[in-house]
Amino acid sequence: MCQFPLFETLSIIDGNIQNLPYHQQRFEQAVWEYFSCEPTFTLAQILVVPEAYQQGKVRCRIDYNASAFEITFFPYSPKQVERFRCVEVENWDYHLKFSDRKRFDLLNILQNEEVVIINNGNVSDCSIGNLLFLKDGVWYSPQDYLLKGTQLTRLLEEGKVYLTKITQADLGQYEKIMLINALNPFNECRALPCSQTYFCDLDRKV
């Protein structure tokens with residue numbers, strides 16, 4: 001068994017940890033489900049941002065189990081996504097933020113693209129976050145997401161986004177698509193026209 005089967009990714013801006021209550025909530029729920037116990041520490045207790053990472057935007061990764069952890073900090077360089085490509089998969093389960101991401105590696109994602117993962121015929125996530133779709137001035141997110149991200153949780157609570165069932169055939173109804181994750185909050189400037197979402201006929205499902 002992996003020493004740290006779960007992880008969290010957090011955004012730190014000028015030394016300030018973003019959305020910490022949402023990460024703490026997900027962390028507690030994951031530990032309880034995976035280990036059937038409560039964690040012995042909180043994220044606030046273990047997160048001390050080194051002086052070298054007190055400026056700018058930083059990606060923080062916490063690999064953990066119920067009683068131990070490992071923290072790594074990285075300068076953040078955002079991925080420049082120019083298009084989305086649909087891929088079909090079957091029976092994927094990633095409802096916890098598992099450290100084992102080998103299946104995502106099979107998607108063969110190019111440097112300037114992301115994928116729209118179609119899980120059992122339903123639109124779910126991309127490889128690094130949740131997806132939002134714009135239709136008639138309203139933003140929606142697939143109800144069949146693989147992992148409920150902290151940004152999505154916050155947007156749903158604030159009533160800025162609504163969950164709905166989206167199939168691959170439905171994608172043509174939407175005008176724009178946006179990737180969100182801990183380091184990429186809601187920002188319409190990052191949205192791309194859905195015309196830049198490409199449909200691929202795969203020889204096999206991943």
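The basis for the numbers below is simple: all heavy atoms, side chains too, and nothing from hydrogens, waters or symmetry mates.
- Nearest heavy atoms, S11 versus A182: CB-O, 3.4 Å.
- Residues satisfying the side-chain contact (heavy atoms from CB on, under 4.5 Å) test with E114, not counting sequence neighbours, are K79, V81, F84, I109, C126, S127, I128, L179.
- Side chain of N65 to backbone of A68: a donor-acceptor contact under 3.5 angstrom is found.
- Atom CD of residue E70 and atom OG of residue S99 lie 10.0 Å apart, to the nearest 0.5 angstrom.
- For the pair V161 and I180, the minimum side-chain heavy-atom distance is 4.5 Å or more.
- Sorted by first and then second residue, the ring pair (Phe, Tyr, Trp, His ring centres under 6.0 Å) pairs involving residues 151-176 (not counting sequence neighbours) are F133-Y174.
- N181 and N184 form a side-chain donor-acceptor contact under 3.5 Å, judged by distance and modelled atom types alone.
- Side chains of Y34 and F98 form a contact here, defined as non-hydrogen atoms less than 4.5 Å apart.
- In plain terms, the two heavy atoms of R83 and L110 that are nearest each other are NH2-CD1, 3.9 Å.
- Listed by chain and residue number, nothing satisfies the side-chain hydrogen bond (donor to acceptor under 3.5 Å, both in side chains) test with Q25 (two or more places apart in sequence, or in another chain).
- Here the closest heavy-atom approach between residue V89 and residue N119 is recorded as CG2-OD1, 3.4 Å.
- There is no side-chain donor-acceptor pair under 3.5 Å between D14 and Y53.
- With a 4.5 Å cut-off on side-chain heavy atoms, L147 and L96 do not count as touching.
- Looking at residues two or more places apart in sequence or on another chain, you find a side-chain hydrogen bond (donor to acceptor under 3.5 Å, both in side chains) between R26 and E8.
- Judged by distance alone, with hydrogens and angles left aside, the side-chain atoms of N120 form a donor-acceptor pair with the main-chain N or O of N91 at under 3.5 Å.
- The ring pair (Phe, Tyr, Trp, His ring centres under 6.0 Å) pairs that include a residue from residues 100-129 are W92-F104, Y94-F104, where partners are two or more places apart or lie in different chains.
- Interatomic distance, CG of L146 versus CG of N130, reported as 8.5 Å (0.5 Å rounding).
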Counting only pairs under 3.5 Å, give me each side-chain donor-acceptor contact of residues 15-22, with atom names and distances, residues two or more places apart or in other chains.
{"unit_1": "Q18", "atom_1": "NE2", "unit_2": "N16", "atom_2": "O", "d": "2.9"}
{"unit_1": "N19", "atom_1": "OD1", "unit_2": "R154", "atom_2": "NH1", "d": "2.3"}
{"unit_1": "Y22", "atom_1": "OH", "unit_2": "E157", "atom_2": "OE1", "d": "2.9"}

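- Q80 is not listed as a side-chain neighbour of N112, based on a closest heavy-atom distance of 4.5 Å or more.
- Ring pair F27/Y64: centre-to-centre distance below 6.0 Å.
- One finds the CG atom of D125 at 11.0 Å from the CD1 atom of I118 (value rounded to the nearest 0.5 Å).
- Scanning for side-chain contact (heavy atoms from CB on, under 4.5 Å) contacts around I71 gives I46, L47, C60, I62, F69, F73, with sequence neighbours left out.
- Judged by a 6.0 Å distance limit and a 45° cone about the ring axis, R59 is not positioned over the six-membered ring of Y76.
- Between the side chains of E33 and Q29, no donor-acceptor pair is found at a separation under 3.5 Å.
- At least one side-chain heavy atom of P39 sits less than 4.5 Å from a side-chain heavy atom of E28.
- How far OG1 of T150 is from NZ of K97: 8.5 Å, rounded to the nearest 0.5 Å.
- With rounding to the nearest 0.5 Å, the separation of CD in E175 from CG in L192 is 14.0 Å.
- Rounded to the nearest 0.5 Å, atoms CG (L163) and CD (Q143) are 7.0 Å apart.
- When every heavy atom of S141 is checked against every heavy atom of L131, the shortest pair comes out as OG-O, 2.8 Å.
- Side-chain contact between N122 and I166: absent, with no pair of heavy atoms (C-beta onward) separated by less than 4.5 Å.
- By the criterion of side-chain heavy atoms lying less than 4.5 angstrom apart, applied directly or through intervening Ile, Leu, Val, Met, Phe, Trp or Tyr residues, L155 is not grouped with V138; the two fall into different hydrophobic clusters.
- For K176, the NZ atom counts as loosely surrounded, since its 6.0 Å shell holds 12 or fewer non-hydrogen atoms of other residues, nucleotides or ligands.
- Residue pairs meeting the salt bridge (Lys or Arg N to Asp or Glu O under 4.0 Å) criterion with at least one partner in residues 137-153, sequence neighbours excluded, are D144-K165.
- Legend: residues meeting salt bridge (charged side-chain N to carboxylate O under 4.0 Å, His left out) with D100, ordered by chain and number and at least two apart, are K102.
- N108 and R85 make their closest contact through O-NH2, 3.2 Å (heavy atoms, listed as atom of the first residue, atom of the second, distance).
- A continuous path of hydrophobic side-chain contacts links F7 to F41 [ILVMFWY only; heavy atoms under 4.5 Å].
- Annotation: salt bridge (charged side-chain N to carboxylate O under 4.0 Å, His left out) contacts of R61 (sequence neighbours excluded): D63.
- Evaluation of the side-chain hydrogen bond (donor to acceptor under 3.5 Å, both in side chains) rule for E51 yields no partner, not counting sequence neighbours.
- Taking K57 as the reference, nothing meets the salt bridge (charged side-chain N to carboxylate O under 4.0 Å, His left out) condition, with sequence neighbours excluded.
- For L132 against W139, the heavy-atom pair with the smallest separation is CB-CE3, 3.6 Å.
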